[in-house]
Amino acid sequence: NAGVTQTPKFRVLKTGQSMTLLCAQDMNHEYMYWYRQDPGMGLRLIHYSVGEGTTAKGEVPDGYNVSRLKKQNFLLGLESAAPSQTSVYFCASSRQAMNTEAFFGQGTRLTVV
Amino acid sequence: KNQVEQSPQSLIILEGKNCTLQCNYTVSPFSNLRWYKQDTGRGPVSLTIMTFSENTKSNGRYTATLDADTKQSSLHITASQLSDSASYICVVSSYGNNRLAFGKGNQVVVIP
């Protein structure tokens, strides 16, 4: 059972480049999330989705876009990467609302130089 | 101000010893509180969930407590093992709010 899988695991970008992080879950969960985790800070919600075809902004959405074309996939895009977006990104999914258990991927370490 | 405060920020304990981690929150109205364990380089994994009516819950050597009146929770680790070295994150959810409040984590290092 794979659970939540993120690709890639590591990436280095130059300022201004674009990229897409892919998250896939095989648990048929309705809710999916993208978080970033920075040293000395808690996980911060970037965007989330409550079902296929829906997306919503979290607390730090600027500079990111997302899409949920298929229920099992949630994509996070950076159109023009900035050094401030250097972080570890986690995707998560949950069966129903946010107060149910979230299952996290292994993380993507992104460095923008 | 963060709605979830955890203490201590970090601690080092000897293998076999016990330790207690604290979580204070201001989230309201309260729905539930989870403790997650995050190993280095991995995503968080849920350890326990506490709802309003629960005071204590155990998962192996981990025991969580909740005092909803004072809005405090603790996670007690008994007879620590090297594999307990991790960050422990307190996460609080509220009714009617599609958000979770994350603490910054307690970094635990168990040494032989």
Side-chain angles (χ1 to χ4, degrees), chain A residues 1-10 21 23-25 27 29-51 54-61 87-110, chain B residues 1-10 21 23-54 57 59 64 66 68 86-107:
Chain A
N1 189 354
V4 179
T5 303
Q6 294 181 229
T7 53
K9 291 184 174 60
F10 303 93
L21 282 66
C23 177
Q25 53 96 2
M27 296 173 283
H29 285 170
E30 291 294 333
Y31 280 59
M32 296 189 74
Y33 321 86
W34 276 106
Y35 292 93
R36 61 178 290 173
Q37 187 175 42
D38 300 293
M41 304 187 73
L43 285 153
R44 292 184 292 168
L45 183 64
I46 304 171
H47 286 281
Y48 65 98
S49 168
V50 302
T54 74
T55 63
K57 293 181 179 180
E59 57 182 303
V60 288
S87 187
V88 181
Y89 292 86
F90 287 98
C91 176
S93 71
S94 63
R95 184 170 52 88
Q96 294 176 349
M98 283 194 176
N99 59 2
T100 57
E101 181 179 0
F103 293 82
F104 286 82
Q106 78 278 21
T108 296
R109 183 172 294 276
L110 175 66
Chain B
K1 180 171 168 57
N2 198 12
Q3 292 184 296
V4 179
E5 297 286 349
Q6 294 186 241
S7 62
Q9 183 177 357
S10 62
L21 314 175
C23 173
N24 297 337
Y25 62 92
T26 59
V27 174
S28 182
F30 175 82
S31 173
N32 62 54
L33 183 150
R34 289 183 185 273
W35 283 94
Y36 282 83
K37 180 187 180 189
Q38 184 176 20
D39 293 315
T40 301
R42 307 296 296 268
V45 176
S46 179
L47 287 175
T48 65
I49 176 174
M50 305 291 290
T51 58
F52 187 86
S53 60
E54 295 175 308
K57 182 175 286 186
N59 177 3
L66 175 67
S87 178
Y88 294 84
I89 303 172
C90 177
V91 184
V92 184
S93 65
S94 63
Y95 282 114
N97 183 346
N98 224 12
R99 302 287 174 92
L100 297 173
F102 286 82
K104 295 180 181 180
N106 305 100
Q107 186 67 46

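Note that these values count all heavy atoms, side chains included, but never hydrogens, waters or copies made by symmetry. Each chain gets a letter, A, B and so on, in the order its sequence line appears, and its residues count up from 1.
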One should read off an interatomic distance between B/Arg42 CZ and B/Lys37 NZ, to the nearest 0.5 angstrom, of 10.5 Å
Could you tell me which portion of B/Gln38 (side chain, backbone, both or neither) has an atom closer than 4.5 angstrom to a non-hydrogen atom of chain A? side chain
Given that the side chain runs from C-beta out, which part of A/Gln37 has a heavy atom under 4.5 Å from chain B: side chain, backbone, both or neither? side chain
Please classify the contact of B/Ser31 with chain A as side chain, backbone, both or neither, using a heavy-atom distance under 4.5 Å. side chain
Salt bridge (Lys or Arg N to Asp or Glu O under 4.0 Å) partners for A/Asp38, two or more places apart: A/Arg36, A/Arg44
Side-chain donor-acceptor pair under 3.5 Å between A/Tyr33 and A/Ser49, yes or no? no
Those residues at least two apart in sequence (or on a different chain) that pass ring pair (Phe, Tyr, Trp, His ring centres under 6.0 Å) with B/Tyr36 are A/Phe104
If you count heavy-atom pairs within less than 4.5 Å of chain A, which of B/Pro44, B/Gly41, B/Ala101, B/Ser87 leads? B/Pro44
